[in-house]
Every structure is written in C-alpha cells, then in structure tokens.
Number of protein chains: 2
Amino acid sequence: MAYTVGQVARAARVTVRTLHHYDEIGLLRPSGRTPAGYRRYDDADLDRLQLVRYYRELGFPLDEIAQILDDPDADPPAHLRRQHELLSGRIGKLQEMVTAIEHAMEARKLGIQLTPEERFEVFGDYDPDEHAEEVERRWGETEAYRQSQERTGRYSKEDWLRNKAQNEDWGRRFAALMDSGAPAEGPEAMALAEEHRQLINHWWYDCPYEMHTGLADMYVADPRFTAYYDTIRPGMAAYLNVAIHANAITRA
Amino acid sequence: MAYTVGQVARAARVTVRTLHHYDEIGLLRPSGRTPAGYRRYDDADLDRLQLVRYYRELGFPLDEIAQILDDPDADPPAHLRRQHELLSGRIGKLQEMVTAIEHAMEARKLGIQLTPEERFEVFGDYDPDEHAEEVERRWGETEAYRQSQERTGRYSKEDWLRNKAQNEDWGRRFAALMDSGAPAEGPEAMALAEEHRQLINHWWYDCPYEMHTGLADMYVADPRFTAYYDTIRPGMAAYLNVAIHANAITRA
DNA sequence: CTTGACCCTCACGCCGCGTGAGGCGGGAGC
DNA sequence: GCTCCCGCCTCACGCGGCGTGAGGGTCAAG
C-alpha cells in the first residue's frame with residue numbers, strides 16, 4: 001500500500017515539511033513518485049520513519065540516526081533493545097532530577113539551609129542590612145533559620161571573627177588534604193567532614209547526619225554552592241560530598 | 001561572593017557562550033562588571049541560572065523562561081512544585097514509550113503480528129514473491145507466523161477472494177458505523193470489533209482477547225497501521241482501538 | 001617583563017525545521 | 001467539459017539556541 005506525504009504526516013504526527021526535509025537530506029526517501037511528482041511512501045518507508053522519530057525523541061541528530069539505521073547489523077529486535085536502553089537511561093536521569101527537586105522541597109520543609117557564610121561573606125561582601133530581608137523572605141519559615149537567628153543574635157564581634165577564622169582554617173586544611181591526594185572516603189577526609197558538621201552545629205543550628213548528607217548533595221547539585229567551594233579549591237564540592245557521605249555511613 | 005563567567009560555567013555545567021547569550025537577551029544578566037569589563041555573577045545570579053537550566057532541560061524556550069522567572073507571584077516553592085510536576089509528566093510520557101517498546105518486544109516474542117492484508121494488499125499491490133522474503137525475515141520465528149503459513153498454505157483462489165471480500169465488507173460497515181456517530185464503546189462498535197477478531201481467528205491465527213488488544217495498541221502507535229486504517233476512513237485506527245479495548249473488557 | 005590562562009566583543013554558521021509564495025494535480029460536483 | 005477546492009510540488013527566507021573562531025585586552029604568577 002502506498003501513501004501520500006499528507007497521509008504519512010497525519011499518521012505519524014509529523015509535518016509535511018519534516019518529511020520533505022528528511023527526503024532532501026536522504027534520511028527517508030519515499031520509495032516512489034507519481035508522474036506528477038507526488039511522493040509515494042510504502043510500508044517499509046513508514047517502518048523507517050517510526051525508527052527515525054523514536055531516535056529523534058531521544059535527542060539524536062539526524063545524521064547520526066541515518067548512520068544507525070543504515071548499519072547492516074541492526075535488525076528490528078536490535079533497534080527495540082537499543083531504544084529501550086536509551087529510554088530507560090533518560091528516564092533514570094529525569095528521575096534523578098525529580099529526586100533532587102523532592103529533596104529540595106523536603107529540605108525546605110525541614111529547614112535545611114546552608115550556613116549564612118556559605119552564601120555570604122561574614123565580612124567583606126557581607127552586609128547584614130542588605131541581605132537580611134532576602135534571607136528572611138526565603139528562609140524565615142524554617143526551624144533552622146529560627147535556630148540560627150536565635151543563636152547568632154547573641155554573638156559578639158569576637159564571636160563572628162572566631163567563626164570566620166575557624167571556617168577559613170577548616171577550608172585551608174581541607175584544600176591541603178585534597179592536594180595531598182588522600183581519598184575522599186579516607187579517615188582524614190571523614191574527620192574533616194565531621195569537623196565541618198560540628199562547625200555548623202556549633203555556630204548555626206543542629207545538624208544531624210541525615211541533614212549533613214542532604215547538604216552534601218546540595219553542594220554538587222546547586223551551581224551556587226558548587227561555585228562557592230570550588231573557588232576555595234577546584235573540585236572541592238564533589239570531594240566534600242563524598243567525604244560527608246562516607247562519614248555519615250561510618251557514624252551511623 | 002562573586003564569580004567570573006568561567007567559574008559559573010564550570011559550576012553549572014554550561015558554556016561561556018551560553019552565559020554570554022543569556023546576558024545578551026536579558027535572561028540572566030550578571031549583577032556586576034569589573035572596570036575591565038569582566039562579568040561578575042553573584043549568588044542570586046546563580047540561583048536564577050539554576051532555574052533557567054531546569055526549565056531548559058524541560059524544553060521551554062528562553063523567552064518563556066524569562067516570563068516565568070519574572071512573574072512576581074512565583075517564589076522558590078512555586079518553582080519547585082512546577083518543575084516537579086513538569087518532570088513527572090515528562091517521565092510519564094517516556095515511560096509510555098518504554099511500555100510501547102516493551103509491548104513490541106513482547107509481541108515479537110509471543111508472535112503477535114498483523115494480518116498480511118493489513119500490511120499488503122492481497123490483490124493489487126500484493127505480490128507474494130516480492131514480499132515473501134521480507135515477511136520470512138521479519139516474522140519467520142513466530143508462532144503466529146507459523147500458524148498463518150500453515151493455515152493459508154491450504155487456501156484456494158476462492159478462499160483468498162472470500163477472505164478479501166469479508167475484510168472489505170467489514171471495513172465498509174465499520175466506516176459506516178463511524179459515520180453514524182455511534183460511540184466507539186457502544187454495542188455496535190464492539191460487535192464489529194468482535195467480528196474483526198474472529199476474522200483474524202478464522203483466516204490467520206488464533207487471536208485471544210489479550211492479543212487483540214495488543215494489536216489495537218499497535219494500530220495507534222505505529223504510523224504504518226494508523227495509515228492503513230485511516231486510508232479506509234480518517235480516524236479509524238483510534239476508533240477501532242477504543243472499540244477493541246471496550247470489547248475485550250466486556251467479554252473478560 | 002614574559003607567559004599563559006581567562007576575559008572581552010564581533011560575527012559567521014549550523015541544525016531542524018516553520019512559514020509562506022507561486023503554481024500544478026486530481027477528484028467531485030454541476 | 002468546466003469549475004472549484006484541497007492537496008501536492010519546489011523554492012526560499014527565517015528562527016531559536018547556541019558552536020566556533022578571530023582579534024585583542026586583563027590578570028596573576030614566575
């Protein structure tokens with residue numbers, strides 16, 4: 001049976017223009033033409049079109065699709081298997097994104113937040129008056145925010161200096177550990193991860209291990225925090241993430 | 001804290017060119033510039049970038065993303081909810097594709113196939129010698145193919161004519177039913193769906209209800225078969241799909 | 001001062017179609 | 001046979017979202 005370009009377009013839910021284009025580039029040529037020049041597509045053409053559309057849906061460029069389809073070793077079962085595999089992978093990736101978003105929603109609900117100096121410099125770029133309103137708008141409803149407000153409200157100038165000094169010292173030692181080539185799951189790295197957690201506990205808010213690992217995931221998922229740590233030392237966010245997870249597992 | 005365009009690009013896994021482009025079109029302008037003209041991005045910029053990338057991943061055009069982000073009513077929790085919803089929908093769609101592929105793999109394994117005349121005209125375009133090799137290559141390993149070969153091998157010329165006549169008669173009556181405006185889940189439609197199943201049973205191979213519904217799904221998922229039925233009457237593939245499913249449920 | 005990495009603007013180009021122009025083909029109705 | 005309307009043809013400009021490279025300035029370390 002043979003079909004016009006319009007019939008094929010409707011059946012396959014593509015445009016006529018798309019089919020013209022595929023013909024032009026040799027990806028899907030109609031098997032025939034009428035004396036008037038009308039394209040005639042047969043069943044094998046429709047077979048091929050379906051494969052093209054599936055690979056397109058998966059994001060393959062057309063020239064690559066042509067290569068795949070013209071591979072003499074690829075038969076129908078092979079295409080089905082490959083597409084199944086690619087789709088499953090894509091779903092897995094999107095599922096990770098969903099998980100990250102659910103995690104962010106959960107974190108917001110439970111009050112997980114980063115320490116203010118992970119967002120703002122305590123001194124230097126940090127201007128409490130400038131940012132207080134934004135911080136309040138974003139985090140004001142959370143338990144962790146309430147805790148850190150209550151806690152930091154009592155800090156003296158010396159407290160802040162000490163806070164900053166301890167944080168920077170921790171950062172220097174952590175970078176040095178990375179430079180030494182020690183593994184992220186090693187005992188030294190885990191010790192520094194534990195120290196990181198205790199600094200949060202001490203200066204900001206209660207931070208149990210589940211919360212600490214939640215923070216660790218944010219460090220790699222969120223460009224802002226990736227950028228913050230990677231400015232101290234390239235690759236730090238990822239390394240710290242591993243160390244925090246390893247630490248939490250060990251102490252569970 | 002402020003970052004250069006390179007730092008941001010690395011942290012967010014995008015290119016510098018992309019960030020230039022976003023600056024150009026006003027989607028994401030750096031909050032500052034050095035006296036030398038270098039872009040300086042701050043934390044709020046990185047926040048916005050993350051949202052931009054998420055919506056891009058979901059296929060939104062940039063101008064639409066700008067509108068969404070500049071909506072005064074949209075706060076962080078609202079963005080998270082929307083993205084969660086969109087991602088879930090997208091996963092659902094991909095999951096359907098996986099299901100369709102698994103179905104096709106399963107169908108192939110169990111030997112579900114379309115009747116030859118749904119692929120080839122018995123007379124007219126049909127040339128057994130021309131297609132036999134392709135049919136054998138594609139379906140030769142299946143139980144249904146074996147059955148139909150065994151069964152049709154015994155047909156006389158009169159059998160083929162009768163086969164064709166019954167099929168065409170069925171098609172005319174089905175099209176007429178559609179023209180009448182009767183619902184696809186109505187008794188008349190279901191009766192014709194049952195007749196369709198019995199024609200397959202009689203002329204080609206055993207076709208239980210589970211197999212019949214599997215065929216019905218292929219009629220709408222595969223452009224070749226959509227085209228075949230829709231040539232008889234526009235919209236027939238979808239209508240028949242519903243009728244077959246309704247019929248199978250009723251008779252279960 | 002030199003060097004190398006990173007930054008700047010400018011600009012051509014690509015992929016995969018969307019859209020429309022101008023004109024021919026085909027079938028149904030009169 | 002003629003007309004009309006829908007569908008087909010080729011041609012071609014254009015778009016979105018960057019990729020790539022040219023030519024030149026900036027910055028920090030040695």
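Order of the sequence lines fixes the chain letters, A, B, ..., with proteins taken first and strands second; residue numbering starts at 1 for each chain. Computed over heavy atoms, backbone and side chain alike; hydrogens, waters and symmetry mates excluded.
Here the side chains of B:Tyr22 and B:Val14 are not in contact, with every heavy-atom distance at 4.5 Å or above. The shortest side-chain heavy-atom distance between B:Tyr228 and A:Asp43 does not fall under the 4.5 Å cut-off. Side-chain contact between B:Asp230 and A:Gln7: absent, with no pair of heavy atoms (C-beta onward) separated by less than 4.5 Å.
Ion pairing of A:Asp169 with A:Arg162 is absent here, as no side-chain N (NZ or NE/NH1/NH2) approaches a carboxylate O to less than 4.0 Å. Between B:Glu24 and B:Arg29 no salt bridge is recorded (no basic side-chain N to carboxylate O distance below 4.0 Å). Looking at A:Arg81 and B:Glu102, no side-chain N of the basic residue comes within less than 4.0 Å of a carboxylate O on the acidic one, giving no salt bridge.
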- [ ] Decide yes or no on salt bridge (Lys or Arg N to Asp or Glu O under 4.0 Å) for B:Arg172 and B:Asp179, but give the supporting numbers first.
- [x] CA-CA 10 Å; B:Arg172 273 190 297 270; B:Asp179 288 339; over 6 Å; no
Task: Per-nucleotide protein contact string for nucleotides 18-30 of chain D, where B marks a base within reach and S marks sugar-phosphate only (heavy atoms under 4.0 Å, - for neither) - done: BBB----BBS---
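For the pair A:Arg40 CZ and D:dG7 C1', the computed distance is 12 Å after rounding to whole Å. Between B:Gln7 atom CD and C:dA5 atom C1' the separation is 13 Å, expressed in whole Å. Atom-to-atom, CG of A:Leu19 to P of D:dG7 comes out at 15 Å; the value is rounded to the nearest Å.
When heavy atoms are screened at a 4.0 angstrom cut-off, A:Arg33 is found touching the sugar-phosphate backbone but no base atom. Among the heavy atoms of the strands, none lies under 4.0 Å from A:Val16.
The stretch residues 23-31 of chain B has no heavy atom under 4.0 Å from DNA chain C, so no residue of it qualifies as close.
Distances shorter than 4.0 Å separate none of the side-chain N or O atoms of B:Thr4 from OP1 or OP2 on C:dC6. Side-chain nitrogen and oxygen atoms of B:His20 include at least one within less than 4.0 Å of the OP1 or OP2 phosphate oxygen of C:dC8. At C:dC7, none of the side-chain N or O atoms of B:Arg39 fall inside 4.0 Å of OP1 or OP2 (strictly under the cut-off).
Counting only N and O atoms by type, the side chains of B:Tyr55 and B:His79 include a donor and acceptor under 3.5 Å apart.
Partners of A:Phe174 by ring-ring contact (aromatic ring centres under 6.0 Å, His included), not counting sequence neighbours, listed by chain and number: A:Trp170, A:Tyr239.
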